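Input: a single structure, listed below in structure tokens.
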2 protein chains.
Amino acid sequence: MREVTLVGGGLSGALLALMLARRGVKVTVYERRADVRAEQIEEGRSINLALSVRGIHALNRVGLDAEVLARAIPMRGRYIHPVTGSCSLIPYGRTADEVIHSVGRRGLNVQLLDALAREKNATVHFQHRCTNYNLRTQTLTIRDEAAGREVGVEAPVVIGTDGAASAVRLALMQSTRMNYSQEYLDHGYKELTIPPAPDGTFRLEPNALHIWPRGGYMMIALPNLDRSFTCTLFLPHRGEPGFDQFPMPEAVTSFFTRTFPDAVPLIADLPGEFFRNPTGGLVTVRCSPWYSEGRVLLLGDAAHAIVPFFGQGMNCAFEDCEVLADLFDEHGGNWDEVFPRFFASRKPNTDAIAQLALDNFIEMRDTSADPHFALKRQLEHKLEERYPGQFVSKYGMVSFHRTPYRDALERGRVQDRILMDVCARANALAEIDIDAAFARLRAGA
Amino acid sequence: MREVTLVGGGLSGALLALMLARRGVKVTVYERRADVRAEQIEEGRSINLALSVRGIHALNRVGLDAEVLARAIPMRGRYIHPVTGSCSLIPYGRTADEVIHSVGRRGLNVQLLDALAREKNATVHFQHRCTNYNLRTQTLTIRDEAAGREVGVEAPVVIGTDGAASAVRLALMQSTRMNYSQEYLDHGYKELTIPPAPDGTFRLEPNALHIWPRGGYMMIALPNLDRSFTCTLFLPHRGEPGFDQFPMPEAVTSFFTRTFPDAVPLIADLPGEFFRNPTGGLVTVRCSPWYSEGRVLLLGDAAHAIVPFFGQGMNCAFEDCEVLADLFDEHGGNWDEVFPRFFASRKPNTDAIAQLALDNFIEMRDTSADPHFALKRQLEHKLEERYPGQFVSKYGMVSFHRTPYRDALERGRVQDRILMDVCARANALAEIDIDAAFARLRAGA
């Protein structure tokens, strides 16, 4: 019987374990954290994620899509909060099903682990941290955190699904000729909470991703099942404004009152949460190759951590799982064939989504406040309507279609340039010659 | 009294320890290897290095330049070995002192450690390997390899001089927002030996760096004090030819006979050494920043490992030491001032030498076999002679002058382009209008 050891039982680890177990592979998962199902964390208050077509498609392969979507909140567009003046919704898509879904990370992990627990082929060891991997001897060093002891585990086939700070990747980086880079943005992030209203309702429009775009920085908010919102403030670590500019609670309140005036009365405990919650970093990790022969592979964030601005980290990792499962079927489970093909197929696409995510930060914090951006979105939807199958917006290719990320990046950049140029010359959709715009898009200039 | 802990007692660690100890700093050095002075390694058979002006200048600051040069072999130029036809020497410089010096790594380390042993302020602990550094608690974890136990050491100021695989850098990479990249060349290297002739003389011209340029790959040889040469073969890891293409001794001998015919009778034990000696990788490491407040700094290869093709790895690290010592003097030993200034001053220059070293691989393996390259070198020397102080070749700026590497890269690239263009139109120096060439160089086009 085939055996695989997965390091990491988070979202992608659990999904991949499920897919492999159902293919008759004996799967052992080592997860450094405790079982999230046993922890007493209030549902919906942890980080939420935007689930879109790639993630849903992969969940469908294990029959979990409906169950997950039942606990998700559809977001129809970006709800823009200017400093003054009225808010507006810029729809993501053209049709009712072109939405993205706010899901809680913990709830989703619970659903995946529950499904995995029903598989006889799969075993998950929680509180078992991988501290080393020896490629030559094919041995993992696993620290049993509860027992406080370390053991060596023979693992002829290892898949590292252990996230952005992957221990498996670190071991490969030190023992093989792996090209590697980690690049931090100057910006960090901090989470804040908008609780439900006293009457138990949402305090903002629930079916939207809220954005307070402010040029060099921004805040966003996603809805949770418990009718709270999780806000994320993205700000430079240093500078004016910057996370280092707030030595005192008064400075925080004053900054928020000046820049996010409509959010101030909604956030429960503004200076308190600001100082209590950690400031996170935003990193892009690229490496190459992701495998060594048929012995070890990296997948998901372990291979390609990206910034969160396109909401594709999880979706991309789930697509990884699906591609790996398909290659497994195609090559009769021969890892020597599967791993190199997986890398060759995914690397150009994960490099592309890393870039798309970086580009989208600029769009979200900056151009989404530009009236021409709203016009561009209208034009895109008009083009999609008039030329079905011939035009798809960049956002649509990434979030509503499974267009390879590399194609979405290449075509999307050309499209965006042309469309912004068209929209810069117009004040309303009625002024734009749709067919002429389409002709320019076909010509690519 | 000021105290500094250095992790790594190799070439740059020992030199920096010497400079700091003489400034009244109490220096503790932890070196993972055993004391090279106690080991029974035959002198001159290990790796040799090319010492040039920056390294010599830094050694002069601690009064060791004459002593080191006394055990070095001057190399006047590149001695080109074609597959067929006669060899030729392309001089590095114009004057008798424009040479580079082949020194043995171990001998140089012994000289530095002997000088350090005379400093009362400095202590070196050999076989003490740093396994971790905790920036927050300012504690190093040091493993005493002889005693087989690990201890925590308080270290308020740490300088990581622990080379390309730096443990201090790894700890910073995992605990701070450090941008980091490691990039491997497709080529690796393997060392081979040309022993002295039976009568105890050198088997090749001793005062030269020998090159067998072959386009996509090359071999070089540097003279040792014991009248042997250390050859280094640079070849792709995979390919045709590539290190993976030699499963059998016969294939090695056949490849060498075909491509390095004049070297075959000189190498002592060709297929034997080839299979016995490891194949090394060639990596460029870049990171940013190199410091955290006044607590920890990376220096030398730990901060910026480069490929060996300009012979500048050690010279650059020694220049680091000198710059750091000068900043120490300038800022009264205030590390909070010194570390950020050191990083700001050195980073653009170490990025530049990393690029120059990569560029020089192409030049060495490829264009140095081109007759126009020899002509270009003649033209450069003629220009230096006719326009002293106004023209210096790129090679000269890097190896015979202490021109900041960044300037050498920027000016050198422009110069090289113009000079190769001029030389491509001529067959001999006499055909070239020197003043017209100089006018083009001044115009930069």
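The model shown is predicted, which means the values in this text are computed figures rather than measured ones. These values consider heavy atoms only, across backbone and side chains, with no hydrogens, waters or symmetry-generated copies. Every chain is numbered from 1, with letters handed out A, B, ... down the list of sequences.
- By the 6.0 Å contact criterion, CZ on B:R406 is open, its count of non-hydrogen atoms from other residues, nucleotides or ligands being 12 or less.
- Heavy-atom neighbours of B:R136 CZ from other residues, nucleotides or ligands within 6.0 Å: at or below the threshold of 12.
- Heavy-atom contacts from other residues, nucleotides or ligands closer than 6.0 Å to CZ of B:R149 number 12 or fewer.
- Proximity to chain A is limited to the side chain of B:L170, based on heavy atoms less than 4.5 angstrom apart.
- Every side chain to side chain contact (heavy atoms under 4.5 Å, CB included) that B:A317 has, sequence neighbours left out, goes to B:S12.
- Using a 4.5 Å heavy-atom cut-off against chain B, the contacting residues of residues 175-188 of chain A are A:T176, A:R177, A:M178, A:N179, A:Y180, A:S181, A:Q182, A:E183, A:Y184.
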